[in-house]
**Student:** 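If you scroll down you'll find the structure; I have some questions about it.
The model shown is predicted, which means the values in this text are computed figures rather than measured ones. The figures here come from the full heavy-atom set of this structure, side chains too, leaving out hydrogens, waters and symmetry mates. Chain letters run A, B, ... following the sequence lines, proteins first, then strands; residues in each count from 1.
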There are 2 protein chains.
Amino acid sequence: MSKLRCSITISLDGYVAGPNQSAANPLGEGARRLHEWVFPTRTFRAMIGGDGGETGVNDDVMREMFAHVGATVMGRNMFGPVRGPWGENPWRGWWGETPPYGHPVFVLTHHAREPLVMAGGTTFHFVTDGIASALEQARAAAGDRDVNLAGGARTVQQYLAAGFLDELELHVAPILLGGGERLLDRVADENVNLELVRTLAGPGVSHLKYRVRNPAKRAAD
Amino acid sequence: MSKLRCSITISLDGYVAGPNQSAANPLGEGARRLHEWVFPTRTFRAMIGGDGGETGVNDDVMREMFAHVGATVMGRNMFGPVRGPWGENPWRGWWGETPPYGHPVFVLTHHAREPLVMAGGTTFHFVTDGIASALEQARAAAGDRDVNLAGGARTVQQYLAAGFLDELELHVAPILLGGGERLLDRVADENVNLELVRTLAGPGVSHLKYRVRNPAKRAAD
């Protein structure tokens, strides 16, 4: 079966978003620096329509992150602002008219809504009946490819606690945010066992990859 | 000048000690697993008077941690229990009659007390006039060697915030403790800038080393 993979950048003190998140600053204060390792890579530059960029460990990790992925699942706040600063229709999301996914994206929400077809192969589907249903739909869309769990923190926590996540890769940025949204809060160890499968040294960032072994899941195997 | 170095193992969710710490269980629940990478190494086995053990990345890191160190600073709770479960004199510390330091150790406390000379070259000095004084005394004792900041979390936070720490190495264990004492709480980024200098892949643990650049200190240079 295809895997559910999550690949996400955290600060050294464990945050995926800084303090004082808002519609105008969805990452919170100071958190743009989390992603500085991404911007110079050749893979990222190609994603935004540029050329050139750096190869090496960080680029390899970026390319791998998007390889063999057929669908994405994300939380409501990661899709877009509830009340957007951009006119009447906040329901176009944060991601512009050509989102970088290029495949079906399943958004967890409490509000039913028709699928939103964007340019470049991305269609947002709004799922109101929970994380298991969103994953099931994403797996069906992905076929034999993997499903990417994009975030945010609460969504990752829910999938971890439920035993659905197969692989977690954390890109640890050398910054301290001191507040905001922590990725690994509210996740009890008794429900989540991690096996370190890889540590990679990128310039300015450490890539730590874990296989997730869930006791409940193992018992059901 | 010699460096102040801190080398400490944390869980993936950032804890150096688990929940429900007590005199009988000073590391808290589940936290012994943090240090599992240490026990099989040749360096650790030699420290406890054994032979054999594994060489490789983890052993190299262990050896480096204790190399070129002439004195140690630690917090009160790391020295020993306030009320010990071991008879009338809790003031012998956690570390047995031959502590593994083999050099002067400066313990931050509010209670003045005569130095405690142990076997094997370790003498505990009790410092009541604050972190700067403890560091100054440790530097004097260490000569041209480095000073090791042993912990716990609150003590590391104080030295970080004050701009005294030169190097921080975190050994990230693939476990989630879900509660306890977090190393990097209460440390604002504006006071602490980190530069990633090394990421090493050990079996079962990731070693992340940072140079600490403190704006206040830089301004005073």
**Student:** In this structure, are over 12 heavy atoms from other groups packed under 6.0 Å from A:E195 atom CD?
**Tutor:** yes

**Student:** Is the count of non-hydrogen atoms from other residues, nucleotides or ligands lying under 6.0 Å from A:Q158 atom CD greater than 12?
**Tutor:** yes

**Student:** Sort by residue number and list every residue of residues 6-14 of chain A having at least one heavy atom under 4.5 Å from chain B.
**Tutor:** A:L12, A:D13

**Student:** Indicate the atoms forming the closest heavy-atom contact of A:S206 with B:L208, along with that distance.
**Tutor:**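 Of all heavy-atom pairs spanning A:S206 and B:L208, the closest is OG-CG, 3.5 Å.
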
**Student:** Please table the atom pairs, donor to acceptor, closer than 3.5 Å between any side-chain atom in residues 49-57 of chain A and protein atoms at least two apart or in another chain.
**Tutor:**
none

**Student:** On a heavy-atom basis, which atom in B:D185 and which in A:R182 lie closest, and how many Å separate them?
**Tutor:** OD1-NH2, 2.9 Å

**Student:** Looking at side-chain heavy atoms only, is the closest gap between B:L176 and A:L184 below 4.5 Å?
**Tutor:**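 Result yes, sub-4.5 Å side-chain heavy-atom pair found.
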
**Student:** Could you walk me through whether B:L194 and A:I175 pass the side chain to side chain contact (heavy atoms under 4.5 Å, CB included) check?
**Tutor:** CA-CA 6 Å; B:L194 302 173; A:I175 66 171; over 6 Å; no

**Student:** So, for B:T199 and A:A201, which heavy atoms are closest and what is the spacing to 0.1 Å?
**Tutor:**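 That closest heavy-atom pairing would be CB-CB, 3.5 Å.
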
**Student:** Flag yes if more than 12 heavy atoms outside A:R63 fall under 6.0 Å of its CZ atom; otherwise flag no.
**Tutor:**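 More than 12 within 6.0 Å, yes.
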
**Student:** Which region of B:R198, side chain (C-beta onward) or backbone (N, CA, C, O), has a non-hydrogen atom less than 4.5 Å from a non-hydrogen atom of chain A, or is it both or neither?
**Tutor:** neither

**Student:** So for B:V205, is it side chain, backbone, both, or neither that comes closer than 4.5 Å to the heavy atoms of chain A?
**Tutor:** backbone

